[in-house]
Amino acid sequence: MKSFNRWTRIALVPALLIACAAVSAQDKPDPVGYWDVVVDMGGTPLNAALVVNKNADGSYGGNLKSPMGDLALAKVDYDGSEVISFGAKIGEGDAAISFKFDGKFTSKDTFEGTLVSETMGTMAVKGTRGAPANPLAGV
């Protein structure tokens, strides 16, 4: 078998480093996209759809659609590895209900955490990467 000369080995090092970086970047969860979410409301599952997007300034935003309504996420925090959190509010004025979600990615396509509200308590949440809703569904 032919051995590599010194210059060939030196040239291979950057290529290997780039390949390793690409593999490790793929292992990190990316919160951007569509998520099928199940909220455990005291033993009753509530299905919801979560959309997370990345803004031009690098921050994250999105919304959560559920039978309770369409909630704009106040702020999405993602630490670049596994922790994700966001806030949301349903309603206006004194009748508004604020929520805070704190969770962790359990894989690149799943997360778990808790949704906390002063009026509704603490609820377990599980999310699985989904597909965008069909805009023609129901038409």
Side-chain angles (χ1 to χ4, degrees):
M1 183 168 131
K2 184 179 175 184
S3 65
F4 293 112
N5 69 32
R6 177 178 171 214
W7 296 111
T8 304
R9 286 185 295 222
I10 290 171
L12 285 175
V13 170
L16 289 172
L17 290 174
I18 290 169
C20 289
V23 168
S24 66
Q26 291 173 353
D27 293 340
K28 289 184 181 179
D30 182 1
V32 174
Y34 299 88
W35 298 88
D36 297 321
V37 176
V38 178
V39 180
D40 180 357
M41 297 184 71
T44 302
L46 175 76
N47 294 315
L50 173 67
V51 178
V52 177
N53 53 52
K54 192 166 189 177
N55 301 319
D57 65 1
S59 65
Y60 294 93
N63 67 24
L64 180 69
K65 284 188 177 208
S66 77
M68 296 178 68
D70 191 2
L71 312 171
L73 304 182
K75 181 180 180 185
V76 178
D77 288 319
Y78 174 59
D79 74 353
S81 66
E82 64 181 25
V83 177
I84 185 167
S85 63
F86 58 81
K89 184 169 36 171
I90 297 175
E92 307 217 3
D94 293 341
I97 300 172
S98 294
F99 293 94
K100 174 75 171 130
F101 172 79
D102 289 304
K104 287 187 175 186
F105 285 94
T106 53
S107 77
K108 67 181 185 134
D109 293 324
T110 59
F111 65 81
E112 293 182 8
T114 55
L115 191 62
V116 178
S117 163
E118 286 185 21
T119 49
M120 299 180 73
T122 301
M123 299 161 277
V125 176
K126 291 184 180 183
T128 304
R129 191 171 300 277
N134 181 348
L136 299 177
V139 174

How long is the gap from [atom1] on [X] to [atom2] on [Y], to the nearest 0.5 Å?
{"X": "M123", "Y": "T114", "atom1": "CE", "atom2": "OG1", "value": "9.0 Å"}
{"X": "N53", "Y": "Y60", "atom1": "CG", "atom2": "OH", "value": "10.5 Å"}
{"X": "I97", "Y": "E92", "atom1": "CD1", "atom2": "CD", "value": "13.0 Å"}
{"X": "D77", "Y": "D102", "atom1": "CG", "atom2": "CG", "value": "9.0 Å"}
{"X": "D36", "Y": "N47", "atom1": "CG", "atom2": "CG", "value": "8.0 Å"}
{"X": "I90", "Y": "L71", "atom1": "CD1", "atom2": "CG", "value": "4.5 Å"}

Do [X] and [Y] have side chains that approach each other closer than 4.5 Å (heavy atoms only, starting at C-beta)?
{"X": "F105", "Y": "S81", "result": "no"}
{"X": "K104", "Y": "E112", "result": "no"}
{"X": "F99", "Y": "L64", "result": "no"}

Between [X] and [Y], is there shared hydrophobic-cluster membership here, with clusters defined by ILVMFWY side-chain heavy atoms closer than 4.5 Å?
{"X": "V116", "Y": "L73", "result": "no"}
{"X": "V83", "Y": "V76", "result": "no"}
{"X": "L115", "Y": "V38", "result": "no"}

[X] versus [Y], closest heavy-atom pair with distance:
{"X": "W35", "Y": "G127", "value": "CE3-C, 4.3 Å"}
{"X": "E82", "Y": "D79", "value": "N-OD1, 3.2 Å"}
{"X": "A72", "Y": "N63", "value": "CA-CB, 4.2 Å"}
{"X": "S66", "Y": "A48", "value": "CB-CB, 3.8 Å"}
{"X": "V125", "Y": "F101", "value": "CB-CE1, 3.7 Å"}

Take S107 and D109, measure what side chain to side chain donor-acceptor pair (under 3.5 Å) needs, and give me the verdict at the end.
CA-CA 5 Å; S107 77; D109 293 324; 5.5 Å; no
Report task. Check whether the ring centres of Y78 and F86 lie less than 6.0 Å apart, and answer yes or no. Result -> no
NZ of K100: more than 12 outside heavy atoms within 6.0 angstrom?
-> yes
### Message
For D94, I'd like to know if atom CG has over 12 heavy atoms of other residues, nucleotides or ligands within 6.0 Å.
### Response
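Atom CG in D94 is not packed in, count stays at 12 or less.
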Do any N or O atoms from the side chain of N55 and from the backbone of G58 form a donor-acceptor pair under 3.5 angstrom? no
inquiry  = Test your reading of the model: is there a side-chain donor-acceptor pair from R129 to the backbone of K108, 3.5 Å cut-off?
reply    =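 Checked: pair present.
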